[in-house]
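Here is the structure we will look at, set down as structure tokens.
Side-chain atoms are counted along with the backbone in the values below, which use heavy atoms only and exclude waters and symmetry mates. Every number for a ligand or one of its atoms is a count from 1 in the order of the listing. Small disclaimer: the values here were computed from a predicted structure and weren't measured.
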Amino acid sequence: MNKMHPDLAYHHNDPGSIETRVRALLDQMTLAEKIGQMCQVNASGGSAPDYLGGRLRDGTIGSVLNIVDVDEVNELQRIAVEESRMGIPLLVGRDVIHGFQTVLPIPLGQAATWNPELVREGARVAAQEAARAGINWTFAPMIDIARDPRWGRIAESLGECPMLGSALASAMVEGFQGNDPTDAGSIAACAKHFAGYGAAESGRDYATTNIPETELRNVYLPPFKAAVDAGVMTLMTSFSDLNGVPATGNEFLLRQVLRDEWRFDGFVVSDWDSIRQLQVHGLTEDDRASALEAATAGVDMEMAGDTFINHLEGLVNEGRITMHAIDTAVGNILRVKFRLGLFERPFTDPDELLPSANGWALETARLTAQQSIVLLQNENSVLPLQEHSLKSVAVIGPLADAPYQQLGTWIFDGDVDLSITPLQAIQSHAAGSTEIRYERAMETSRSRVSEAFDNAVRIAADADVAVLFLGEESILSGEAHSRADISLPGDQAELVRRVHATGTPVVAVILAGRPLTLTNIVDHVDALLFAWHPGSMGGPAIADILFGVDSPSGKLPATFPRVVGQVPIYYSHKNTGKPPSRETVVHIDDIDTHAEQTSFGMSAFHLDTCFTPLFPFGHGLSYAQFEYRDIHTSRQEIHPGETLTVSAVLANTSDIAADEVVQLYVRDLVANITRPVRELKGFRRVRLEPGETTTVEFELHTDDLRFFGRDMRPVVEPGEFHAWIGGSSDTNLRTQFRIVARQ
Ligand code: BGC
């Protein structure tokens, strides 16, 4: 029985009464019980209730992670609620990153949908399935801006753009937490990793980050601010060092920005053992100093470490940490437990929730995968495949029939039996009419054994089209899985070349956890589809796109470099004082050995590759033909505080109905700090029937043009702006307007 005093009954959605309840609990708790709330214990392995029972009864655990057996979770909750003095329920955390049993595309793939509503729905599916296992807190979304595809965790990210990332971060938070966080199918979200993790030097996981404060505020923090504004209940610190102060001990981030500026009133959890690691970073001498540093900086809960449990009490007794600081941290944690309604409903009854992998879940996974697929290239309109005229299709490659690999990174609870592979889906799609021949050709994407290539070439030569499933397995991306060379591993490029040499049209479908450098295959394939790690329903989604059941509509959420040496390469870069242009660029092969160095245009480019990427941010083709024209602003001049409309006409000039993601970019030409050459300021997915024309309008308020300037304050400056609308970040359809100061 819950020990809460009936007089203290409250309404979960009434902040006033939650604060009263928090205060009332704090007044009754011992210091040991308070510190206990600040400790999260790994409960995976062994028999969790036996192993944790003593501490649960003592009230010295606030949260557990990595336990997913609903009966065990209920038993842990029972001990916490019924057998501890204060009866405080547990937060039960888990990495539910892109689905639970039903696996959605990796977050980077979800970002390629540019569809916040669908992304919200996916998080809702994940929350419901996780909640059935007794989980009430996910460590998602990961909203680190990621501009380095070498970094394995780019797979978990929402890509390179602060605006797209912010929109999708809010959507995920709303999906996990639901309209009503006390709902049985809602779980607390955790925006991570605060902050800057994605800027890890050379894309090596956990590496140092150095980010100037203007860049931090203009690029890396906006998705976190959006998550806070969307009501995210928790944040997780980053493992990384930020400008010399590791994020887990970073008072500037955790107090000044998060609490003082943003007024966040949920709680902050460390990353796994990251408090102890402050010593490894060289910030502290020992665990005691690490606990002091983290608690002082503003970490409320320690994940999977023991510095808080071992040292906080002593530090309080010595006066190094005040009781007020402890009460604030514990209050933040209790507030979240109240908001989740855990005191009323600590136990989970799976029967109250929809069964996992139900029709809604699978359909959401399929639709998300479908909208995430990006058509990078389609020479001679080889796609969509015309079933009626196809006698045979050769399906080739290590990822055509790899049910586990298509799920991607972080799928602890994913049910591999739900996976439908591309090969299976193509076989059932084409059943009867078209012959499907399959050759895996390579044991893994990394194989250097080409014995089976001959058979691949043979079946390709005999087929009307060869569809190659290439890329990288799930193990090649994710946490601590960075790569220095991001081209197709193993002998895949050679396989492509050999199949191409048959003369049969080649379609390459790439499954991967990151943007890859595809320069060495683009000329040997007719069509190129990028499907990320598409999840359980990846196969049917890919088959739908291949056979034209729907048109591809995904757009790149991250730039695809030509060669890894271009990294970091992203659309919203600065202009520099010497921007390259097509006229001035030369190629290394054309250089006259005796020419003077100054004759090459003196601009910001590499001699041995073009200064542009292979595929820009926002790029993604369609089976339909879209034409943009007549960009227009409702006003030429606006004052600060006002809104204008930027619009363009979009026509579907084809006979295929399709979605298009329309994008608005803006450049602030002159400012007190240099500004990016383009920034995404709006996007919308629209569906156009054959021959349909529409006008797409974006409202732009001057607040949307604010940035943090030299004095670290948000400002919108009068002056000239350029605006573009189009289907990619390299659109040329431009207009301009001015912001004019009020007299
Ligand atoms: C990761 C976090 C994750 C945590 C718990 C850490 O290694 O950085 O993102 O939530 O483990 O599994």
Under 3.5 Å: N/O of Trp410 near N/O of ligand 1: no

Could you identify the single nearest non-hydrogen protein atom to atom 4 (C) of ligand 1 and state the distance to 0.1 Å? Asp271 OD1, 3.5 Å

Does the cation-pi check pass for Arg147 over Tyr570, that is, NZ or CZ under 6.0 Å from the six-membered ring centre and within 45° of its axis? yes

min-distance protein heavy atom vs atom 3 (C) of ligand 1 -> Asp95 OD1, 3.2 Å

Looking at ligand 1, would His193 count as a contact under a 4.0 Å heavy-atom criterion? yes

What about Tyr197: any of its N or O atoms under 3.5 Å from an N or O on ligand 1? no

Between Glu156 and Arg153 (salt bridge meaning N to carboxylate O under 4.0 Å), is one present in this structure? yes

Within a distance under 4.0 Å of any heavy atom of Lys192, pick out the atoms of ligand 1 and give their elements. 2 (C), 3 (C), 9 (O), 10 (O)

Ligand-side contact atoms (ligand 1) for residue partner Phe139, heavy atom cut-off under 4.0 Å: 10 (O)

Answer side chain, backbone, both or neither: which part of Met236 comes under 4.0 Å from ligand 1, heavy atoms only. side chain

Determine whether the aromatic ring centres of residues Phe100 and Trp410 are separated by less than 6.0 angstrom. no

For Ser445 and Glu473, does a side-chain donor sit closer than 3.5 Å to a side-chain acceptor? yes

Any salt bridge linking Asp58 with Arg55? Criterion: basic side-chain nitrogen under 4.0 Å from a carboxylate oxygen. no

On the six-membered ring of Trp532, is Lys555 placed so that its NZ or CZ lies under 6.0 angstrom from the centre and within 45° of the ring axis? no

Is a donor from one side chain sitting under 3.5 angstrom from an acceptor on the other, for Asp144 and His193? yes

Nearest neighbour in protein (non-hydrogen) for atom 7 (O) of ligand 1: Glu479 OE2, 2.8 Å

Test item, Arg153 contacting ligand 1 (heavy atom, 4.0 angstrom): yes

Side chains of Gln279 and Glu285, donor plus acceptor under 3.5 Å: no

Just to check, does Glu156 reach to within less than 4.0 Å of ligand 1 when the distance is taken from its heavy atoms? no

